[in-house]
There are 2 protein chains.
Amino acid sequence: MSTHTLPEQIANSLRRDILLGKLAPGTSIKERDNAAELGVSRTPMREAIRILAKEGLVILRPSRSPVVADPSLKEVTDDLAVMSALEVLSGKLACANATAEELDRIAALQDKMLEISGDANSLDFFETDMAFHRAIAEASHNPALAETHGAYIARLWRTRYLSASQRSDRARALHQHGEIVRGLKARDTEFVAREIESHVQHILINISDLFEERDARRAGRIPDSTNISDI
Amino acid sequence: MSTHTLPEQIANSLRRDILLGKLAPGTSIKERDNAAELGVSRTPMREAIRILAKEGLVILRPSRSPVVADPSLKEVTDDLAVMSALEVLSGKLACANATAEELDRIAALQDKMLEISGDANSLDFFETDMAFHRAIAEASHNPALAETHGAYIARLWRTRYLSASQRSDRARALHQHGEIVRGLKARDTEFVAREIESHVQHILINISDLFEERDARRAGRIPDSTNISDI
DNA sequence: TGATAAATTTTGGTATACCAAAAATCGTTG
DNA sequence: CAACGATTTTTGGTATACCAAAATTTATCA
């Protein structure tokens with residue numbers, strides 16, 4: 001394997017650890033320790049950390065250990081606002097530029113989500129969800145857009161995963177995906193834009209609930225800035 | 001001085017060289033040579049190159065020398081589409097969130113552009129232009145948006161600079177800036193969105209003209225993919 | 001005992017050495 | 001002489017050594 005460079009592989013490994021919670025938000029990432037753990041030197045590890053920093057998953061502080069990002073609700077909301085604009089643009093462009101094969105692939109991902117929507121394993125379901133959104137961005141035939149959109153997907157991955165794991169609004173999400181697919185196939189630009197905007201809107205609502213719930217749970221705890229650190 | 005880290009300083013130096021054309025598009029950037037030239041080692045130089053790569057100013061190729069980016073018209077058009085969406089969002093959010101001081105600052109930048117619009121030095125004018133657009137993104141009070149928007153500003157800097165240096169459409173640009181300022185002060189979301197979209201639209205038109213002109217000039221030359229390399 | 005300062009350790013930043021893969025050069029051969 | 005191939009050189013990738021700034025610990029003093 002390894003069609004990728006070493007720093008990318010390391011970044012992938014770290015990313016998985018972060019997104020699955022093995023590296024909790026706020027944890028400091030020591031170059032030496034993590035490098036030794038993977039049997040590499042500090043140089044590629046440093047580069048990997050920069051890759052994750054660019055994605056917003058870790059925060060770089062000059063002359064201090066990088067830490068796993070722990071976004072506040074405000075930051076997540078800000079990210080989602082950008083993400084919404086990027087995905088609406090993706091949807092519009094996809095209406096104009098997507099090939100039949102690309103639309104089929106998007107529809108297939110939606111079908112797969114419907115299939116496994118009853119399963120317990122929320123990771124499979126969620127990864128298909130992310131692939132669905134990514135496929136729309138790629139169907140825009142605008143590589144810069146797809147890349148920037150992908151960065152926001154990565155940045156929001158963990159929070160959205162935690163939110164999706166609550167399974168609270170899965171039915172609505174599936175329905176909205178269906179509408180988006182329908183609109184894409186009809187090449188109805190405005191309809192797709194509206195549906196995507198609404199979809200992201202509901203993602204934000206669910207995430208807000210997650211934060212509120214967590215805030216409520218730690219009632220008497222330190223009322224610091226409201227991050228998702230201690231679940 | 002040096003409130004910044006060494007790699008950032010190096011990146012700034014390289015960025016200036018690229019944007020001002022001292023490092024022509026297509027030029028390969030040797031780590032050793034450029035590092036020695038600035039009296040630093042390869043390590044911070046490598047990091048600086050990655051910073052510029054993230055901005056899209058240089059292209060990284062595994063196991064090969066990085067090269068100064070030489071975007072095609074298609075790529076610039078794609079970038080501008082993203083940029084437009086980001087700036088429209090910035091404008092909308094600025095209408096809701098900008099403080100009076102921020103609006104004053106935006107207006108002041110516009111005034112400065114009007115003042116120096118007759119001067120020969122197009123660099124001053126252009127940098128004020130970029131500051132104007134940046135200020136709107138910052139007035140959105142969405143740091144993620146401002147950062148991503150800033151990355152696209154950097155990416156498009158050189159092409160827009162070359163285009164603006166033609167001074168073809170300076171009057172229209174100034175007028176549109178005025179309209180944007182007016183809309184922001186009136187907090188008229190839809191009006192601002194329309195004006196920004198139209199403004200970016202015209203930026204694209206001017207850039208297209210630049211490419212066409214360059215294509216025409218090298219009539220019998222190799223009809224490779226149409227990049228801005230040899231002016 | 002609590003606070004503060006000195007000493008020690010940890011850790012990121014930088015320089016450098018070494019390696020392997022490209023690229024360029026040069027020689028050979030049909 | 002052109003084309004191919006071996007050899008040398010260049011250059012990015014990785015490991016490691018060294019340094020300085022933080023962070024931590026420990027010792028000292030009020």
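Keep in mind that what you see is a predicted model, and the values were worked out from it rather than measured. Proteins come first, then strands; the chains are lettered A, B, ... in the order of their sequence lines, and each starts at number 1. Values reported hereafter were calculated over all heavy atoms of this structure, with side chains retained and with hydrogens, waters and symmetry mates removed.
Phosphate contact (OP1/OP2 of C/dG13, side-chain N/O of A/R50, threshold under 4.0 Å): present. Phosphate proximity of D/dA15 to A/S41: present, with a side-chain N or O under 4.0 Å from OP1 or OP2. OP1 or OP2 of C/dG12 sits under 4.0 Å from a side-chain N or O of A/S65.
Interatomic distance, B/I203 CD1 to B/R160 CZ, rounded to the nearest 0.5 Å: 4.0 Å. The CG atom of B/L93 sits 12.0 Å away from atom CD1 of B/I136, with the distance rounded to the nearest 0.5 Å.
In this structure, A/T43 reaches the bases: a heavy-atom distance under 4.0 Å links it to at least one base atom across the strands shown. Within 4.0 Å of A/R64, counting heavy atoms only, lie sugar-phosphate atoms of the nucleic acid but no base atom. Across all strands shown, B/I10 has no heavy atoms under 4.0 Å from either base or sugar-phosphate atoms. Counting non-hydrogen atoms under 4.0 angstrom, A/I49 reaches nothing in the nucleic acid.
Of the two residues near DNA chain C, A/K30 and B/V40, the one whose nearest nucleotide lies more 5' is A/K30. Each of B/R46 and A/R61 has a nearest nucleotide on DNA chain D; the 5'-most of these lies closest to B/R46.
The nearest whole Å value for the distance from the CD atom in A/E31 to the C1' atom in D/dT14 is 14 Å. Residue A/L60 contributes atom CG, which lies 12 Å from atom C1' of C/dG13 at whole-angstrom precision. We find that CG of B/L6 is positioned 11 Å from C1' of C/dA15, with the value rounded to whole Å. The separation between A/E8 atom CD and D/dG13 atom C1' is 13 Å, rounded to whole Å. Atom CE in A/M45 sits about 14 Å away from atom P in D/dT16, given to the nearest Å. B/D33 has its CG atom 9 Å from the C1' atom of D/dT11, to the nearest Å.
One N or O donor and one acceptor, one from the side chain of B/R42 and one from the base of D/dG13, sit under 3.5 Å apart. Checked by distance alone, A/R32 brings a side-chain donor or acceptor within 3.5 Å of a matching partner on the base of C/dG12.
Heavy-atom minimum distance, A/A11 versus A/I51: CB-CG2, 4.0 Å. The two residues B/A24 and B/V68 make their nearest non-hydrogen contact at O-CB, 3.5 Å.
A side-chain N or O of A/E102 and one of A/H141 form a donor-acceptor pair less than 3.5 Å apart.
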